[in-house]
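What follows is a single structure, written as structure tokens, with notes after it.
Atoms within each ligand, like the ligands themselves, are counted from 1 in listed order. Starting from 1, each residue takes its place in the sequence as its number.
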Amino acid sequence: MRIQVKSGQVRDGVQVIAALEGEQRAERLLPASAARDRQLSQLVAGSGFRGAPNETALLPKGKQWVLAVGLGKAKDLSLDRVRQLAGAAARTVRARGFRHLALPVLSERGLGSAADVAQALSEGALLGLYRYDKLKKLPKHEQGKRIEVITLVVERAGDIAAAKRAVEKAQVIAEAVSFVRDLINGPSNIVTPTYLANQARAIAKRLRLKCTVIPFTQLKRLGFGGIVGVAQGSAQPAQFIVLEYHPPRAKATFALCGKGITFDSGGISIKPSAKMEQMKYDMSGGAAVLGTVQAAARLRLPHRVVGIVAATENMPSGTAQKPGDVLKTLSGKTVEVINTDAEGRLVLSDCLHYAKRYKPDCVVDLATLTSACIVALGAEAIGLMTKDERLAARLNQAGKATHERVWRLPLWDEYKEMLKSDVADIKNVTDTGQAGTVTAAKFLEEFAQGLPWAHLDIAGTAWADKDRPYVPKGAVGIGVRLLIEFMETWKK
Ligand code: BES
Ligand code: ZN
Ligand code: ZN
């Protein structure tokens with residue numbers, strides 16, 4: 001599919017116009033040229049179209065087709081509404097069997113520069129058109145339907161160059177997010193730890209990055225006790241993946257740690273079978289880390305970015321770790337494993353300790369860590385835990401810009417009490433069942449000592465139970481856009 005940028009009157013393709021909800025006839029249509037078109041505003045008014053967010057109406061106008069898409073109320077207007085509009089428009093146009101659509105680069109109402117809007121439109125369309133169709137034959141009504149060209153229409157010819165650059169950036173980001181979604185949607189019999197390692201190697205080869213993979217046998221020898229404890233019950237060998245982008249004269253160093261549990265059965269503390277199939281998404285953090293390093297390299301960010309992913313299954317077997325077992329982690333600290341289903345923090349403890357060797361300016365870990373985070377924040381916010389106010393503010397800012405929003409939970413030291421063990425330095429779960437998300441973060445904090453560190457719990461945000469305008473049901477690919485924005489706007 002191709003995205004082109006033009007100015008002036010564009011006649012081919014389905015013409016998308018935007019409409020605000022609850023406004024007078026003339027002003028409610030965007031762009032301004034659509035508002036001036038009497039025939040068009042009458043057509044839209046006559047269709048009963050209200051302009052509610054992502055409402056669509058496909059209308060014939062002479063020999064052309066017009067697709068009106070709702071933007072919602074003017075007071076709620078944002079770049080994310082623009083992303084949603086593009087996603088809703090592109091999917092509707094595809095579903096109706098058209099191959100070309102034209103999207104207006106809206107410049108009204110202080111939405112942002114032409115580049116900002118062009119990027120949001122391109123991201124929304126590309127991410128909205130994503131499908132995971134590798135493993136099934138498409139139903140008849142979807143076969144052969146695909147968008148071939150999207151035209152972005154800018155009002156001033158002088159904006160074309162900036163808009164084109166924004167499109168290229170959006171394409172890089174959308175490709176990274178789609179790559180992440182493919183990994184997450186992929187079933188665990190295909191997306192094994194070895195498969196993830198091979199994907200990292202392939203990225204490294206393509207983009208000339210450094211990739212180091214430490215396989216299970218070596219991990220045992222080198223003392224990666226957290227990962228080994230989780231991995232020892234599985235027939236699939238664990239892989240510790242380090243994918244690194246290191247530009248010359250790098251300004252800052254970021255270490256990104258990802259939980260890469262390709263399937264979480266719970267281990268001996270086995271999960272109930274209802275919805276267990278969803279636990280293929282327990283590697284969402286690891287996948288996002290690989291996608292972010294890929295995007296950072298392709299966008300030539302001026303920073304060193306080290307992705308560290310602990311990839312393994314969590315399985316029950318005769319060789320699996322058992323409740324009560326004590327592990328010696330890479331840091332030397334010992335952990336009493338009360339519940340083998342709290343495995344993410346075990347593998348991450350080794351990642352965080354390993355990150356120290358890079359002397360990073362900042363470490364962020366991403367993990368589908370706790371179901372308690374889903375209870376607390378649902379699908380709308382990533383749980384953010386850090387003691388670093390600056391990191392919190394920057395991640396919050398990046399979350400707003402990308403709409404991958406974060407919400408902070410405390411990391412007060414009182415919570416650490418709950419992880420005291422009688423036999424080891426720390427235990428992996430509390431016995432009260434309270435504050436599940438925070439106590440998991442407190443566990444991680446033990447292994448991030450001395451690091452400027454933030455933890456992101458993406459358990460609720462990594463998987464979409466229902467279609468959204470630019471997130472089809474399934475893997476969201478969350479984290480890539482957030483972290484790229486976070487690193488791009490970084491200043492010492
Ligand atoms: N991967 C799960 C967390 C999870 C559950 C993510 C559901 C997404 C959806 C994690 O490994 C886990 O099982 N956590 C336990 C911890 C508990 C045993 C303290 C949980 O949250 O229930
Ligand atoms: Zn688990
Ligand atoms: Zn898990």
Side-chain angles (χ1 to χ4, degrees), residues 184-185 188 191 193 196 226-227 229-234 236 238 257-288 309-316 320-325 327 335-351 365-383 385 409 415 418-419 421 426-444 455-465 474-476 478-479:
I184 298 169
N185 284 324
S188 74
V191 183
L196 285 181
I227 299 171
V230 176
Q232 70 189 35
S234 169
Q236 289 289 340
C257 299
K259 171 177 175 181
I261 302 295
T262 56
F263 188 74
D264 183 10
S265 71
I268 295 296
S269 314
I270 198 161
K271 288 181 182 293
S273 47
K275 294 231 182 138
M276 203 205 266
E277 73 283 357
Q278 268 197 6
M279 277 300 114
K280 67 178 182 182
Y281 93 88
D282 214 16
M283 33 60 76
S284 298
V309 178
T312 175
E313 295 180 333
N314 185 23
M315 295 290 283
Q321 64 176 346
K322 306 171 289 298
D325 285 3
L327 307 174
V335 180
E336 184 185 6
V337 180
I338 301 291
N339 188 318
T340 66
D341 197 10
E343 84 298 341
R345 60 199 80 181
L346 299 176
V347 304
L348 281 171
S349 70
D350 286 346
C351 295
D365 78 75
L366 275 98
T368 45
L369 205 60
T370 64
S371 48
C373 189
I374 311 177
V375 175
L377 301 172
E380 298 304 329
I382 297 169
M385 281 139 279
L409 296 171
Y415 289 106
M418 299 158 85
L419 293 170
S421 161
I426 191 169
K427 60 182 179 184
N428 76 332
V429 299
T430 69
D431 30 45
T432 64
Q434 294 177 347
T437 304
V438 171
T439 52
K442 287 307 281 183
F443 181 95
L444 296 180
H455 162 58
L456 299 175
D457 194 329
I458 56 170
T461 45
W463 189 262
D465 288 325
V476 174
I478 200 152

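Although no hydrogens or angles enter the test, the distance criterion places no donor-acceptor pair under 3.5 Å between the side chain of Thr340 and the main chain of Pro323. Listed for the Asp282 side chain is no donor-acceptor partner under 3.5 Å among the backbone atoms of Phe263. Although no hydrogens or angles enter the test, the distance criterion places a donor-acceptor pair under 3.5 Å between the side chain of Asn185 and the main chain of Ala475. Between the side chain of Asp350 and the backbone N or O of Gly226, at least one donor-acceptor pair lies under 3.5 Å. Ser269 places no side-chain N or O within donor-acceptor distance of the main-chain N or O of Gly266, the cut-off being under 3.5 Å.
Between Ser371 and ligand 1, a contact under 3.5 Å exists for at least one N or O pair. Geometrically, ligand 1 and Thr370 share no nitrogen or oxygen pair separated by less than 3.5 Å.
Minimum interatomic distance between Glu313 and Ser234 (heavy atoms only, all atoms of both residues): OE1-OG, 2.6 Å. Smallest separation of non-hydrogen atoms from Ala310 and Val347: CB-CB, 3.8 Å. Of all heavy-atom pairs spanning Glu380 and Thr461, the tightest one is C-CG2, 4.3 Å. Here the closest heavy-atom approach between residue His455 and residue Ala441 is recorded as CD2-CB, 3.6 Å.
Proximity to Thr368 (heavy-atom distance under 4.0 Å) selects the following atoms of ligand 1: 1 (N), 2 (C), 3 (C), 6 (C). Close approach to Glu343 involves these atoms of ligand 1, each under 4.0 Å from a residue heavy atom: 11 (O). The Ile374 neighbourhood of ligand 1 comprises atoms 8 (C), 9 (C), with distances under 4.0 Å to a heavy atom of that residue. Numbered from 1 in the order shown, with element, the atoms of ligand 1 that lie under 4.0 Å from a heavy atom of Ala459 read 6 (C), 8 (C).
The set of protein atoms (N, O or S) found at less than 2.8 Å from the Zn ion (ligand 3) reads Lys259 NZ, Asp264 OD2, Asp282 OD2, Glu343 OE2, by chain and number.
Note on ligand 1: Tyr281 sits in its first shell, one or more heavy atoms being nearer than 4.0 Å. Not a single heavy atom of Ile261 sits under 4.0 Å from any atom of ligand 1.
For the atom pair CE of Met385 and NZ of Lys442, the computed distance is 11.5 Å after rounding to the nearest 0.5 Å. Distance check: Asn428 CG to Arg345 CZ gives 6.0 Å after rounding to the nearest 0.5 Å. The CG atom of Leu327 lies 12.0 Å from the CD1 atom of Ile426; values are rounded to the nearest 0.5 Å.
The protein heavy-atom contact nearest to atom 14 (N) of ligand 1 is Leu369 O, 3.5 Å. Looking from atom 12 (C) of ligand 1 to the surrounding protein, the closest heavy atom is Asp341 O, 3.1 Å. Given atom 19 (C) of ligand 1, the protein heavy atom at minimum distance is Val429 CG1, 3.5 Å. Residue, atom and distance of the protein heavy atom nearest to atom 16 (C) of ligand 1 are Arg345 NH2, 3.8 Å. Counting only heavy atoms of the protein, atom 7 (C) of ligand 1 lies nearest to Met279 CE, 3.5 Å.
Contacts of Lys271 with ligand 1, taken as heavy-atom pairs under 4.0 Å, involve the side chain alone. At a heavy-atom distance under 4.0 Å, only side-chain atoms of Lys259, from C-beta outward, approach ligand 1.
Comparing Asn339, Asp264, Thr439, Asn314 against atom 18 (C) of ligand 1, the shortest heavy-atom distance belongs to Asn339.
Using a 4.5 Å heavy-atom cutoff, the side chains of Phe443 and Val429 are not in contact.
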What's the verdict on side-chain hydrogen bond (donor to acceptor under 3.5 Å, both in side chains) for Ser188 and Thr262, showing C-alpha distance, side-chain angles and the deciding distance?
CA-CA 6 Å; Ser188 74; Thr262 56; 6.0 Å; no
